[in-house]
Amino acid sequence: MQHQQRSQGRLSPSSDTEDIVALLAPRLVHFAGVARTEHVTRAAQEMQVPQSTLSRSVVRLEQDLGVDLFARHGRTLSLTPAGRTFLVSVERALAEIERAAEEVRADADPATGKVAFGFLHTMGAETVPGLLHTFRADHPRIRFSLVQNHGDAMLEGLRAGELDLCLTSPVPDAPDLVARRLDEQKLRLVVPADHRLAGRRRIRLAEAADETFVTLEPGYGLRRITDALCDLAGFRPRVAFEGEEAETLRGLVAAGLGVALLPPPAVPRPEVVELTVTSPRAAREIGVAWLAGRPDTPPVTAFKKFLLSRRGRLLPD
């Protein structure tokens with residue numbers, strides 16, 4: 001069955017889709033309301049819209065589409081085949097918009113909203129669980145979407161709107177981001193338990209210049225810090241294995257496959273020995289970052305304030 005075409009449509013077939021959506025969107029609710037009642041007066045009463053406004057909106061929608069959506073029978077209307085086809089998609093679209101609106105309102109709710117929070121893998125075993133436990137003592141119903149990744153990936157997540165906040169290292173310095181230093185974490189030279197240096201407690205990093213290193217992959221903040229510290233010590237590390245998690249590297253060290261500069265473990269491993277590096281000073285700064293200029297929802301504001309209050313007390317003892 002062919003749809004009856006209006007002779008003067010406002011949109012040509014070559015109109016951009018975005019232009020069509022911008023033009024039609026305000027009228028879809030009116031169309032759906034009239035379609036449900038098939039009566040302009042009743043629809044206007046239910047929707048609390050002037051009847052004249054509703055009538056004009058429906059007529060203009062038909063003109064925009066170049067198709068009759070209703071057949072007129074005095075004061076009553078009935079959907080044409082084109083109208084029934086259009087109504088199915090309109091109701092689906094309006095339901096999706098309503099669902100999305102409810103979701104974003106729920107995420108912004110001060111008591112039950114959601115925070116998208118990113119953090120380094122090395123923060124996941126102990127630091128972040130402890131932070132969330134403390135925060136939720138005062139905000140028990142706030143929800144979290146947690147993302148573990150390396151620093152560069154999390155900063156891109158901030159820029160893409162996928163994250164609200166992230167804990168990262170090094171603390172970024174970029175014009176589109178705001179970052180605050182929260183704490184400092186010492187790094188240790190981790191060697192196998194049967195290594196020639198295992199009987200030491202302290203070491204200058206230059207003494208490990210001839211060792212084989214296992215490191216995180218390029219792009220990870222800890223890799224950049226490792227390379228920089230070795231450079232300060234006067235050598236370039238000879239890398240045998242690259243991984244994505246500090247505990248994987250610790251396992252490689254335990255297997256005798258190299259040494260590594262790593263933050264303290266959540267649980268000590270007897271197969272390795274962790275040496276204090278006396279020169280150069282081996283530490284990494286931990287900070288919180290967010291996108292500059294982006295308005296925060298109340299849950300994000302609360303968690304950001306909490307993190308900033310932990311300055312100097314972020315890491316477990």
Side-chain angles (χ1 to χ4, degrees), residues 102-172 174 177-188 216 220-222 225 243-251 262-269 283-292 294-317:
E102 288 298 326
E103 182 176 335
V104 296
R105 281 197 292 262
D107 287 348
D109 186 275
T112 62
K114 185 171 71 173
V115 179
F117 181 44
F119 51 92
L120 301 168
H121 289 284
T122 51
M123 306 272 102
E126 193 172 5
T127 300
V128 168
L131 290 172
L132 297 181
H133 176 78
T134 302
F135 176 74
R136 290 190 58 147
D138 294 324
H139 304 84
R141 298 169 63 197
I142 285 182
R143 298 167 290 124
F144 284 83
S145 173
L146 302 177
V147 175
Q148 290 178 269
N149 216 323
H150 62 88
D152 287 352
M154 288 192 295
L155 299 186
E156 289 308 307
L158 291 176
R159 294 182 173 108
E162 298 166 356
L163 293 175
D164 297 310
L165 303 165
C166 70
L167 285 182
T168 188
S169 177
V171 180
L177 300 175
V178 180
R180 297 288 183 268
R181 181 185 182 278
L182 295 180
D183 216 332
E184 182 181 88
Q185 187 175 48
K186 292 183 178 179
L187 302 178
R188 299 167 179 170
L216 295 179
Y220 283 68
L222 186 56
I225 293 170
E244 296 182 345
E245 292 187 349
E247 287 311 300
T248 298
L249 300 187
R250 199 171 257 105
L262 296 174
V267 179
R269 296 185 65 149
R284 64 173 180 172
E285 291 185 336
I286 307 294
V288 60
W290 59 89
L291 191 66
R294 178 187 294 162
D296 291 333
T297 63
V300 173
T301 296
F303 190 57
K304 182 189 293 184
K305 181 178 179 181
F306 167 77
L307 289 176
L308 294 174
S309 76
R310 304 288 296 186
R311 186 178 286 113
R313 301 180 296 116
L314 181 76
L315 303 173
D317 295 331

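Residue indices begin at 1 and follow the sequence shown.
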Item to check | Heavy-atom side-chain proximity of L308 to V288 below 4.5 angstrom | outcome: yes
Checklist entry - Can you name the closest pair of heavy atoms from P263 and R250 and give their distance? => result O-NH2, 2.7 Å
Item to check | Which atom of D183 lies closest to which atom of L314, heavy atoms considered | outcome: OD2-N, 3.0 Å
Item to check | side chain to side chain donor-acceptor pair (under 3.5 Å) partners of E244, counting only residues at least two apart | outcome: none
Checklist entry - Side chains of R284 and T122: donor-acceptor distance under 3.5 Å anywhere? => result yes
Item to check | 4.5 Å side-chain heavy-atom contact, K114 and P299 | outcome: no
Checklist entry - Once you round to the nearest 0.5 Å, how far does CH2 of W290 lie from CG of L155? => result 13.0 Å
Checklist entry - Can R136 and F306 be said to form a side-chain contact (heavy atoms from CB on, under 4.5 Å), step by step? => result CA-CA 10 Å; R136 290 190 58 147; F306 167 77; over 6 Å; no
Item to check | Side-chain donor or acceptor of R159 paired with backbone N/O of L291 under 3.5 Å | outcome: no
Checklist outcome for this item: d(C166 SG, F119 CZ) to nearest 0.5 Å is 11.0 Å
Item to check | Gap separating the CD atom of E245 from the CD atom of Q148, nearest 0.5 angstrom | outcome: 7.5 Å
Checklist entry - With side chains defined as the heavy atoms from C-beta onward, is the minimum distance between Q185 and P264 less than 4.5 Å? => result yes
Next on the checklist: With a 4.5 Å cut-off on side-chain heavy atoms, are E126 and V267 touching?
Outcome noted: no
Checklist entry - Parallel, tilted or perpendicular: which fits the ring planes of F144 and F303, with parallel below 30° and perpendicular above 60°? => result perpendicular
Next on the checklist: I need the single residue from L222, I225, T248, L262 that forms a side chain to side chain contact (heavy atoms under 4.5 Å, CB included) with L216. Which is it?
Outcome noted: L222
Checklist entry - How far apart are the closest heavy atoms of P316 and T127, and which atoms are they? => result CD-OG1, 3.4 Å
Checklist entry - Hey, is the main chain of V300 close enough, under 3.5 Å, to the side chain of D164 for a donor-acceptor pair? => result no
Next on the checklist: Let me confirm one number: the CZ-OG1 distance from R105 to T297, rounded to the nearest 0.5 Å.
Outcome noted: 15.0 Å
Checklist entry - Which residues pass the ring-ring contact (aromatic ring centres under 6.0 Å, His included) test with H121, sequence neighbours left out? => result none
Next on the checklist: side-chain contact (heavy atoms from CB on, under 4.5 Å) for F135 and I142? Distances and angles first, verdict last.
Outcome noted: CA-CA 9 Å; F135 176 74; I142 285 182; 4.0 Å; yes
Item to check | T168 versus G151, closest heavy-atom pair with distance | outcome: OG1-CA, 3.4 Å
Checklist entry - How about L120 and M154: do any of their side-chain heavy atoms sit closer than 4.5 Å? => result yes
Item to check | Which atom of R181 lies closest to which atom of V171, heavy atoms considered | outcome: CA-CG2, 4.3 Å
Item to check | Inter-residue atom distance L132.CG - H139.NE2, 0.5 Å rounding | outcome: 12.5 Å
Next on the checklist: Between R310 and L182, is the side-chain contact (heavy atoms from CB on, under 4.5 Å) condition met? List the steps.
Outcome noted: CA-CA 7 Å; R310 304 288 296 186; L182 295 180; 5.9 Å; no
Checklist outcome for this item: Minimal heavy-atom distance between M123 and P129, with the atoms involved, is O-CD, 4.0 Å
Checklist entry - Should P298 and D109 count as side-chain neighbours, where that means a heavy-atom distance under 4.5 Å? => result no
